[in-house]
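Here is the structure we will look at.
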Amino acid sequence: MSPGVPKSPLPIFCSIRADLDRVAADLTGASRIALDIETYGPRKGDGLDPWKGDIRLLTLSRHGGTIWTIDLRATGYELGPLKPVLEQATLIIHNAKFDLLWLRVKCGLFATKVACTLTAARLLAADTKPGNNLDQCLERYLQIPSAADHSRSDWASMLLTEDQLAYAARDVAHLHDLLCVLEGELEMNDLQQVWALESGLLPVVVNMEHTGIRVEREKLAAIAAEADRLAQQAAADLRTALGNPALNPASPSQVLAALRAKGIKLESTAEEALKAADDGTLIPLVLIHREAIKRAQQAEALVGHIKADGRIHGRFEPLGTATGRFSSKEPNLQNIGRGELREAFAVQDGRRLVVADYSQVELRAAAAIAGETRMIDAYKAGADLHKLTASVVLGKPETEVTKGDRQLSKAVNFGLLYGQSAPGLVRYAATSYGVSMKGDQATEIRQAFFRTYSRLRQWHGLSHNQAQAGVTEVQTRTGRRRLIPTTASDWERFTALVNTPVQGGTADGMKQALILIDQRLPQSARIVSTVHDEVVVECHEDAAEQCRGIITTAMVEAMAALFPEVPVEVEANICTTWAEK
DNA sequence: GCTCCCAGCGCG
DNA sequence: AAAGCGCGCTGGGAGC
């Protein structure tokens, strides 16, 4: 540390169990307690794994009070009198999900009230990336110069250095002040509602990550082995057919060159391009290889994430996206293939999964936002909107709409909703729904769609005008903001303007539903996953029917509160695997 | 040996 | 002129 910079105060260091009484006594009755932990252990990816590592220090302080730092390796994880104190207070934490998950895993702490300064900073940043780590926040909001970072120092060593203790103290010393400033900023930006939502959500996410989702290792291993066999076979066949024993079928550049050498005209080796140039022999092999290798990788990756309890504890990031949706990682549980892989997500005897998802929720939200009466009326009448769209864009009565027509109109509804062009629709229909059409047909469909849904067209027109006028931000109905970079093109502004209120708005509804579900579920039931418009709950088989009702009611209630113009529908099934749905 | 970017692709 | 949106993960390939 440079001589001119004053050293941070040292905390009171606690290393015997009797100290816990002193700390508890000091903190009792504090409505807000600043908290931070330091951890050590094997590194997994970017962060540390609470199922493998350990907490070294727990540092706590009431506003303006003593800073206590507890050596949990010395005292043990049993928090004694401190536990109820921490469970009753609002805990101020930078990146609360991280600390609370560790404290749940190690100390069995159930925090219910939390104020996460990282969450606040991210809501304020609204998808700009100013850097939201604690140091950067202290600098931005309290003008405190940054200090040396000891977060990755050796927290396992027998004797901690003065610098380390000072660092631990500093991390909580300013949290109360930081939160005060952040709260003022949140209010000034009309973010109180979404701040309350995200704050209420955090303990729910901690519960979910802590619970994890059960998988069958053998099933996953079998899928991986079979997919790997298929991939090897396709690779071998491809090498033979091309007369190129060294070809790497996973290399786009090699595959492109090899196919071109065989006289196949290709712009790229993307699936869409390959399907358009299908030669009936080589290209199917490439596609089979792609599909199989992907499945094998995904299955193997899932196996690698199974913890000792036989469950996968993926991470869900509530503010991991620009719109307000969750992101999911380590592993990503939001892109699991819909086929056999989901069969591996299975309960034990006596347990059940309730798999619940919103029906066409983005379409309903868009209809509400745009005031698209034709769509709203159709939903109110209980109509099948995909069928209706098929009927109007194809100009045939609903009774004559085929399954293929309905597939087409799914692409139409979901694509055109966000501004897709006619050529884009051709591509999307082909790749996502296996529906082929000509460019001029797509143009006609597009025109018919916006002729029919004229309020949707007006909403797009308004968004287009705003985009051209250089609008810099967009909000969801709960007030969640997304700031549009000044460098964005008109097109990017337009898509942000139409996409965010819909995708972000439904995310807001889903998040509120998760909070309600968590509150209302019986003891034996746990939320184990969520995928944008879907939630998966594990429960005792005897409670499954009851849970199904609770979940359905909560989901409808939460979303309908945000989009009262349109009916909200939820489908919930009781299953033994995620594949049944 | 490491980091970075890209293509490609799984999901909603 | 042309343009669906939102993610995370993987391997290849380039560059250091």
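Within every chain, numbering begins at 1; the chains are lettered A, B, ... in the order of the sequence lines, protein sequences first and strands thereafter.
The shortest distance between the side-chain N/O atoms of A:R482 and the OP1/OP2 oxygens of C:dG6 is below 4.0 Å. Between A:S328 and B:dC11 there is no side-chain polar atom (N or O) within less than 4.0 angstrom of OP1 or OP2. Applying the 4.0 Å criterion to OP1 and OP2 of C:dG4, one finds that A:S421 has a side-chain N or O inside that range. Listed pair A:S327 / C:dG8 meets the phosphate criterion, a side-chain N or O lying under 4.0 Å from OP1 or OP2. Applying the 4.0 Å criterion to OP1 and OP2 of C:dG11, one finds that A:S251 has every side-chain N and O outside that range. Under 4.0 angstrom from either OP1 or OP2 of C:dC5 there lies at least one side-chain N or O belonging to A:W491. Taking side-chain N and O atoms only, A:T495 has no distance below 4.0 Å to OP1 or OP2 of C:dA3.
A:Q254 comes within 4.0 angstrom of sugar-phosphate atoms only, judged by non-hydrogen atoms across all strands, and of no base. Here A:A301 lies in heavy-atom contact (under 4.0 Å) with sugar-phosphate atoms only. Within the 4.0 angstrom heavy-atom criterion, base atoms lie near A:K294. No contact: A:S489 has no heavy atom under 4.0 Å from any strand. A:D357 comes within contact range of no nucleotide atom at all, as no heavy-atom separation falls under 4.0 Å. At a threshold of 4.0 angstrom between heavy atoms, the contacts of A:R446 with the nucleic acid are absent.
Salt bridge annotation for A:E571-A:K581: absent, with no cationic side-chain nitrogen under 4.0 angstrom from a carboxylate oxygen. A salt bridge does not link A:K262 with A:D279: none of the charged nitrogens is closer than 4.0 Å to a carboxylate oxygen. Salt-bridge check for A:E198 with A:R480: passed, with a basic side-chain N closer than 4.0 Å to an acidic carboxylate O. Contact check on A:E538 versus A:R526 returns no salt bridge, with no Lys/Arg side-chain nitrogen under 4.0 Å from an Asp/Glu carboxylate oxygen.
For the pair A:R325 CZ and B:dC11 P, the computed distance is 14 Å after rounding to whole Å. Whole-Å rounding puts the A:Q297 CD to B:dG8 C1' distance at 11 Å. Atom P of nucleotide C:dG12 and atom NE2 of A:H289 are separated by 9 Å, given to the nearest angstrom. One can place CZ of A:R493 at 16 Å from C1' of C:dA2, the figure rounded to the nearest angstrom. Put simply, CD on A:Q298 is 9 Å from C1' on B:dC9, counting in whole angstrom units. Between the OH atom of A:Y428 and the C1' atom of C:dA3 there is a distance of 15 Å, given to the nearest Å. One can place CZ of A:F316 at 13 Å from P of C:dG8, the figure rounded to the nearest angstrom. In this structure, A:L425 places its CG atom 16 Å from P of C:dA2, rounding to the nearest Å.
In this structure, A:Y358 has its ring center at least 6.0 angstrom away from the ring center of A:H532. Residues A:Y428 and A:F414 place their aromatic rings such that the two centres sit no closer than 6.0 Å.
Listed by first residue number, the stems of DNA chain C with at least three Watson-Crick or G-U pairs below 3.5 Å are B:1-12 with C:5-16.
Comparing A:E492 and A:A496 by the nucleotide of DNA chain C that holds the closest heavy atom to each, the one mapping nearer the 5' end is A:E492.
When distances are taken from the side chain of A:R290 to each of C:dG12, B:dC9, C:dG4, the shortest belongs to B:dC9. If you check B:dG10, B:dG8, C:dC5 against the side chain of A:N332, the one that comes closest is B:dG10. Listed nucleotides: C:dC9, C:dG6, B:dC11. Nearest to the side chain of A:A322: C:dG6. With C:dA3, B:dG12, C:dG6 as the candidates, the nucleotide lying closest to the side chain of A:R338 is B:dG12. Nearest nucleotide to the side chain of A:Q503, out of C:dG13, C:dG4, C:dG6: C:dG6. With B:dC11, B:dG8, C:dG6 as the choices, the nucleotide that has an atom nearest any side-chain atom of A:N335 turns out to be B:dC11.
By the 6.0 Å and 45° rule, A:K329 does not stack over the aromatic ring of A:F316.
The aromatic rings of A:W51 and A:H210 sit parallel, their planes meeting at an angle under 30°, below the 60° perpendicular limit.
Side chains of A:Q503 and A:Y418: a donor-acceptor N/O pair is absent below 3.5 angstrom, by distance only.
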